[in-house]
Amino acid sequence: MLNYIKFIWPYIRTQKLRFTIISLSILSVAALETAIPLTIKEIIVTGIPSKNLIILALGILYLIGLGSMDWLVNILARHQNNRFSQKIQYDIRRDIYDTLQYQDLEFYSKESIGQIMARTIEEVYSLQDILGWGYRILLLTISLFIGTVISLMLSSTVLGLIFLLAAPLILLLLTVSSKKNAEVFYTTRFRWGKVNEVLAENFSGIKTVKSFGRENEQIEDFNTQAQDYYDAAFKEIKVTSVLQPGMIFIISNLILLILVIGVIFVQFSIISIGDLVAFILLGLQIAVPGRFLGDLAIQAQMANTAARRLNEILQSKKNLVEDESRLTIPHSNYSITFDHVSFKYPNNDFMVLKDVNFSISKGERIAILGPTGSGKTTLINLIPRFFDPISGDIYFDDHNIKEFSLKSVRDLVTIIHQDSFLFTLSIKDNILFGSREESFEEVVKVAKIAQIHDTIIKLPQGYDTIVGERGVTLSGGQRQRVAIARALMTKSPILIFDDSVSAVDPETEGRIQKELSQNYSDKTVIIISQRPSSLKYVDRVLVLEDGVLTQDGSQQELMDQDGLYKKYISVINNQMQNIVSWNKEEYLLKDEGDRT
Amino acid sequence: MSIHTDAEKESARGSFGYSDLELIKFMFGYANQYRREILVTLLYMILFSASTVVGPLILAAAITFLQNNGVGPIFNVDLIDKGFINPMFNFIQGQFPSLEPIIIYSLLIGVLYLSAQLITFYSSYKQRFIIGTVSIKAAIQLQYELFSHLQELDMSYHDKNEVGRIMSRVTSDVGAIRQFIGGSIVQNFVNLITLLAVLVVIVQLDWVMSLISITLMIPVYFLGQRSRKLARPRRKESRKDNSILMATLAESIAGIKVTKGLGQEKANIKSFQIVNDQRRRSTIHAIDINAYFFPTMLYFSSIATAVIMLVGGYRVMTGILSLGLLVAFINYNTIMFRPVVILGNLYQQLQDALTGAERVLALFETKTKVPRNSEFPAIPALKGDVTFDHLTFKYEKGNPIYDDFNLQVPANQTIAIVGHTGAGKTTIINILSRLYEFQKGNLYLDEYEVRDYNLDSIRDEVVSVPQDFYVFSRSIKYNLQLGNPQATEEQMWKVLNVVGLDEFVKRLPDKLKTPLQERGGRLSTGQRQLLIFASALLANPKILILDEATANIDVFTEIQIQKSLEYLLQNRTSFIIAHRLSTIREADRILVIEDGEIVESGTHEDLVRTKGKYFSLIEHQMKLAAGKS
């Protein structure tokens with residue numbers, strides 16, 4: 001519970017007034033609901049024996065007054081609580097989102113989207129119940145309990161003490177049972193997630209499954225996961241079936257004690273018969289919110305765990321948010337120098353880059369070649385400081401990029417990734433994503449250079465067409481060209497193509513390259529590409545093998561060396577242009593063609 | 001803004017044309033084999049209602065005893081005098097004459113009350129547990145059948161339905177049915193029984209008094225209806241905003257590289273703020289209904305208590321009613337109001353369950369066009385001849401792609417299929433791999449017509465590697481087992497060696513058991529292709545169908561793919577939709593497809609000599625290549 005309180009307290013503090021109103025109105029509800037049985041008692045003790053209808057009617061009016069106040073205060077409490085709990089959820093979500101935005105890429109390489117989603121969304125949901133009704137129920141039960149104890153004490157200390165003793169017992173019972181029960185709940189949720197994973201994979205890969213005729217194995221696999229889930233669900237049912245009846249039973253036993261002792265006390269005139277009635281009614285009243293205490297205890301356990309995990313994410317925020325005082329990298333020629341740079345990913349043992357040295361001067365066009373897994377992508381990710389080297393330094397001119405603000409370094413470098421991601425926005429907004437203040441003319445200009453303008457204007461809404469996951473689907477090549485346009489929009493002096501034309505046909509790629517060298521001759525361009533056509537406009541080639549920079553020079557120089565480059569070119573010459581391009585937009589139209 | 005409307009379209013009920021009765025029958029069909037358990041649950045419910053009703057009577061008896069003016073007869077039994085309290089009291093006093101009468105009496109009341117509470121607890125627990133268990137068992141069964149059915153449905157179904165939608169059939173729709181069978185119906189039924197039991201008892205006790213609660217319950221019932229009606233569109237709105245929030249979050253995680261690369265964190269945060277705020281507003285809007293209505297409904301209960309006190313108090317004064325019974329009426333009033341407040345939920349839950357059942361039932365009634373024919377004989381061992389005999393094929397909507405198509409391929413040949421996009425290359429493969437059903441004609445493997453044999457046995461002999469094949473996130477091993485579930489690790493290493501992936505796999509932390517991340521994210525495009533080749537090698541089919549990947553693969557992996565391909569094509573009949581010149585050249589026969597017809601056919605040399613469509617294509621290609629490198 002402590003984790004949770006510590007986590008939630010700063011959020012509560014931003015709404016002190018609302019929190020106070022809620023707490024006070026719940027206390028008033030408890031006071032009113034304690035007063036009602038006591039009024040009934042008065043009517044029984046004084047009203048009825050007097051046989052005076054006016055006294056009776058006054059009592060009833062008083063009852064109605066209490067009931068009406070109870071009604072209004074209840075509405076107030078819930079009304080405020082809705083706003084309070086939603087605001088807190090809003091704040092938590094906002095903070096998590098902020099943190100996620102500022103997390104470094106390593107965080108994302110460790111976990112899948114699904115896992116991050118689950119962690120952030122489901123954990124917030126775990127807090128929801130407690131915020132939504134938990135606090136209200138808890139405070140109400142406790143204050144009703146206290147109200148009852150006080151009323152009992154006023155008539156009979158013994159009865160009051162008996163009732164008071166029950167509190168620690170119930171508390172103990174709840175803590176002991178809820179810890180174990182929360183585990184059961186967690187297991188169920190976790191396994192449900194597993195079932196969903198299996199389902200998602202199966203349906204995404206159904207064609208592959210069918211092609212290999214593995215339906216039976218998939219059914220079996222699903223069944224195992226489902227069975228695991230249901231095993232957990234059986235345990236959960238056992239717990240949930242006992243929760244509410246159990247709490248009611250416990251509270252009933254308290255009433256029972258009052259009843260048994262009360263009967264004797266009335267007989268010996270220690271308390272009045274009206275007192276007994278009032279006590280029984282009070283006890284019954286506690287059962288209304290009290291029945292949820294068991295559920296609440298489990299929710300609290302889960303919220304506690306959730307708070308711990310959310311805290312893990314939020315804590316790291318401090319290290320991520322940029323130190324505003326960091327300097328902006330000074331304007332320069334932006335030549336890039338790698339000085340004895342080595343790198344390894346924290347979750348892996350082996351070095352991805354080993355003592356890499358090179359320099360690129362402004363306006364140079366560089367290709368990086370190397371087999372899969374040789375460290376090309378890692379190398380370029382160091383330039384905008386997505387990661388920092390574990391040893392060695394990177395300089396823009398003579399400025400060590402480590403010493404300047406991330407933002408200022410990243411403003412200078414734009415990477416176009418292979419998996420060109422587009423947001424669910426219009427094409428125009430996607431292109432403007434990194435440079436929102438630019439004009440529409442500018443958008444059209446870069447779209448033309450990226451050879452995508454003609455495709456865009458043929459779309460039903462042209463530049464306003466919504467694309468991305470939930471919009472119109474573009475082909476891989478088209479997406480890559482939009483991404484290129486987006487990158488050109490940024491005006492960064494350093495452009496990096498990370499295999500970002502892989503789905504664009506060579507002819508179109510040629511046109512893009514040509515336009516680039518004509519319009520942006522002063523930009524430094526680094527290309528990772530496997531295709532020979534990309535080499536045409538390149539001044540120099542760097543060859544990476546297993547994290548080591550083995551060759552560095554112009555294409556002519558490298559042809560004269562016995563190395564990977566020469567081997568690569570000879571393979572290409574043998575194969576010529578091996579891929580047959582039947583159609584420019586092979587990638588996209590294929591899918592469409594098959595469905596018509 | 002048509003982005004989120006799919007789910008809404010689906011929630012419109014009645015579009016499938018089932019009657020509610022049919023749907024309820026369908027749902028309870030799954031609970032039917034648990035009739036005994038359900039009957040037992042019913043007994044527990046009755047027990048629960050009985051003990052709930054008895055509670056206040058015992059309290060009344062206690063108070064009455066202290067006042068000595070009688071509870072009065074209920075169902076012609078006077079609880080105290082001729083009923084069980086006085087006889088029991090006399091019996092105990094006879095046994096232990098030394099005990100104070102008041103001690104005996106209070107203990108007796110205590111024991112009675114405790115017994116009633118024990119029964120309430122136990123029967124309440126039991127009924128929840130049994131029905132919960134039954135609902136899980138029914139859901140297991142339903143989910144299993146549904147999943148199996150989905151595995152059997154051919155690709156024309158899967159093409160039309162997104163993964164998310166299919167998933168919600170198996171998860172949320174089954175969930176709604178389970179909830180209905182397991183929770184809602186029982187909870188509401190037991191509430192109803194209890195309500196009826198209380199009504200019967202209070203009318204017996206004093207019908208004038210009972211009218212008070214009954215009258216005041218009527219407006220509460222209508223208030224409940226009204227609040228649900230008001231809440232429904234608001235909830236829908238808030239659910240929609242919630243799903244927008246999720247989608248926004250998911251997208252910004254997926255696109256984090258772009259965001260960071262372009263330094264747009266702040267702008268993203270700003271737009272998330274808007275979505276987040278929208279969700280907050282619409283949620284408050286929805287839950288506020290409860291904040292107003294719920295206390296109001298309970299207010300009627302308070303009013304009822306007051307009126308009971310007024311009328312009851314007067315009747316006690318005039319001696320018509322005992323004080324004990326007055327207290328009992330207050331108790332009963334509380335017991336009755338709770339279920340009335342909740343009762344209307346049943347309607348909503350029933351609607352949810354019916355909607356779920358409707359979709360699930362409709363899915364079950366969607367029959368596969370390529371049945372598994374498990375009862376048919378297995379296809380005998382094949383030589384590998386393939387014959388398309390006057391075959392006509394079209395996709396669900398549209399014109400025939402192939403009309404009266406004929407093709408004979410002798411065993412062990414490699415056939416390259418080439419042609420423009422949309423010419424129907426993939427369709428040939430879809431027909432042969434039995435992913436879709438053709439409409440007319442016959443398809444023979446050797447002399448066996450495919451529809452006469454068990455589909456699983458055909459899939460053992462005919463394996464296809466689609467271009468958009470899927471790599472499962474589970475492990476290398478799991479993916480290899482797609483080819484052959486019985487393959488030993490030794491065999492796996494062997495095929496990995498053949499495709500040249502063994503060195504790579506050896507370097508992975510858990511070797512064969514290393515998880516591959518979403519969609520095989522740990523592998524490069526080329527490596528994924530090699531892995532699926534390895535699976536196909538393990539499957540070792542007589543007939544192999546391959547849709548060659550067009551994606552650019554690094555030159556060195558490309559060489560490896562070519563090598564593996566050679567190996568893969570040995571000793572089997574192969575059909576390849578070829579994109580690589582080298583593959584095409586090596587083929588025994590090239591088919592040029594145009595508009596569902598074979599327009600040219602022959603070896604590379606033949607076709608180059610004919611100078612037809614194939615030639616002009618190759619020529620163009622050569623020019624391109626010469627111009628670039």
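Computed over heavy atoms, backbone and side chain alike; hydrogens, waters and symmetry mates excluded.
- Interface residue B:Thr296: backbone and side-chain heavy atoms are both found under 4.5 Å from chain A.
- Checked against ring pair (Phe, Tyr, Trp, His ring centres under 6.0 Å), B:Tyr113 has no partners two or more places apart in sequence or in another chain.
- A donor-acceptor contact closer than 3.5 angstrom is absent between the side chains of A:Trp71 and B:Ser302.
- Smallest separation of non-hydrogen atoms from A:Leu259 and B:Ala62: CD1-CB, 4.1 Å.
- Contact annotation for A:Tyr90: both backbone and side-chain heavy atoms come within less than 4.5 Å of a heavy atom of chain B.
- For a residue to count as touching a neighbouring chain, one of its non-hydrogen atoms must lie under 4.5 Å from one of that chain's; by this rule A:Phe386 touches chain B with the side chain only.
- Rounding to the nearest 0.5 Å places CZ of B:Phe147 at 6.0 Å from CD of A:Gln218.
- The contact between B:Asn268 and chain A is made by backbone and side chain atoms together, counting heavy-atom distances below 4.5 Å.
- Heavy-atom distances place the backbone of B:Glu152, and not its side chain, under 4.5 Å from chain A.
- At a 4.5 Å heavy-atom cutoff, the contact between A:Ser252 and chain B is made by backbone and side-chain atoms alike.
- Neither side chain, A:Gln86 nor B:Arg281, offers a donor N or O lying under 3.5 Å from an acceptor on the other.
- There is no contact between A:Val73 and chain B, counting heavy-atom distances below 4.5 Å.
- Atom OG1 of A:Thr208 and atom CD1 of B:Ile532 lie 5.5 Å apart (nearest 0.5 Å).
- Contacts between A:Ile416 and chain B at a heavy-atom distance below 4.5 Å are absent for every atom of the residue.
- A donor and an acceptor atom, one from each side chain of B:Asn276 and A:Gln89, are nowhere located under 3.5 Å apart.
- For a residue to count as touching a neighbouring chain, one of its non-hydrogen atoms must lie under 4.5 Å from one of that chain's; by this rule A:Asn52 touches chain B with the backbone only.
- Residue B:Ile545: no heavy atom, backbone or side chain, is found under 4.5 Å from chain A.
- By the 4.5 Å heavy-atom criterion applied to side chains, A:Val242 and B:Phe121 are counted as neighbours.
- With a 4.5 angstrom heavy-atom cutoff, A:Thr39 does not touch chain B via any of its atoms.
- Closest heavy-atom contact between B:Phe472 and A:Glu201: CD2-OE1, 3.4 Å.
- Atom CE of B:Met309 and atom CD1 of A:Ile60 lie 5.5 Å apart (nearest 0.5 Å).
- Remark: A:Leu53 engages A:Leu56, B:Tyr314, B:Met317 in a side-chain contact (heavy atoms from CB on, under 4.5 Å) (not counting sequence neighbours).
- Both the backbone and the side chain of B:Ser535 come within less than 4.5 Å of a heavy atom in chain A.
- With contacts defined as side-chain heavy-atom distances shorter than 4.5 Å, the pair A:Asn74/B:Leu298 does not qualify.
- Between B:Asp288 and A:Arg83 there is a salt bridge, since a side-chain N of the basic residue sits under 4.0 Å from a carboxylate O of the acidic one.
- The environment of A:Phe234 atom CZ is dense: over 12 non-hydrogen atoms of other residues, nucleotides or ligands sit within 6.0 angstrom.
- The shortest heavy-atom contact between A:Asn82 and B:Ala291 is ND2-CB, 3.7 Å.
- Closest approach of A:Val260 and B:Ser106 over heavy atoms only: O-CB, 3.5 Å.
- With a threshold of 4.5 angstrom between heavy atoms, B:Leu118 approaches chain A through its backbone and through its side chain.
- Heavy atoms of A:Asn216 lying under 4.5 Å from chain B belong to its backbone as well as its side chain.
- Only the side chain of B:Leu435 comes within less than 4.5 Å of a heavy atom of chain A; its backbone N, CA, C and O stay farther away.
- Side-chain contact between B:Val316 and A:Ile44 is absent, with no heavy-atom pair separated by less than 4.5 Å.
- Within the 4.5 angstrom heavy-atom criterion, no atom of B:Ser433 approaches chain A.
- Taking the side chain as every heavy atom from C-beta outward, A:Ile280 and B:Val327 never approach each other to under 4.5 Å.
- With a 4.5 angstrom heavy-atom cutoff, A:Leu284 touches chain B only via side-chain atoms.
- Here A:Lys210 is the residue among A:Lys87, A:Lys210, A:His79 with the most heavy-atom pairs under 4.5 Å with chain B.
- Of the two parts of B:Asp154, only the backbone, made up of N, CA, C and O, holds a non-hydrogen atom closer than 4.5 Å to a non-hydrogen atom of chain A.
- For A:Glu217, the part lying near chain B is the side chain, with the backbone staying farther off; criterion is any non-hydrogen pair under 4.5 Å.
- Considering every non-hydrogen atom in both A:Ile219 and B:Gln151, the closest pair reads CG1-CG, 3.6 Å.
- Side-chain contact annotation: B:Gln143 with A:Tyr230, donor-acceptor N/O pair under 3.5 Å present.
- Across every non-hydrogen atom of B:Arg128 and A:Pro245, the tightest pair is NE-CG, 3.8 Å.
- Rounding to the nearest 0.5 angstrom, the gap separating the CZ atom in B:Phe272 from the CZ atom in A:Arg94 is 10.5 Å.
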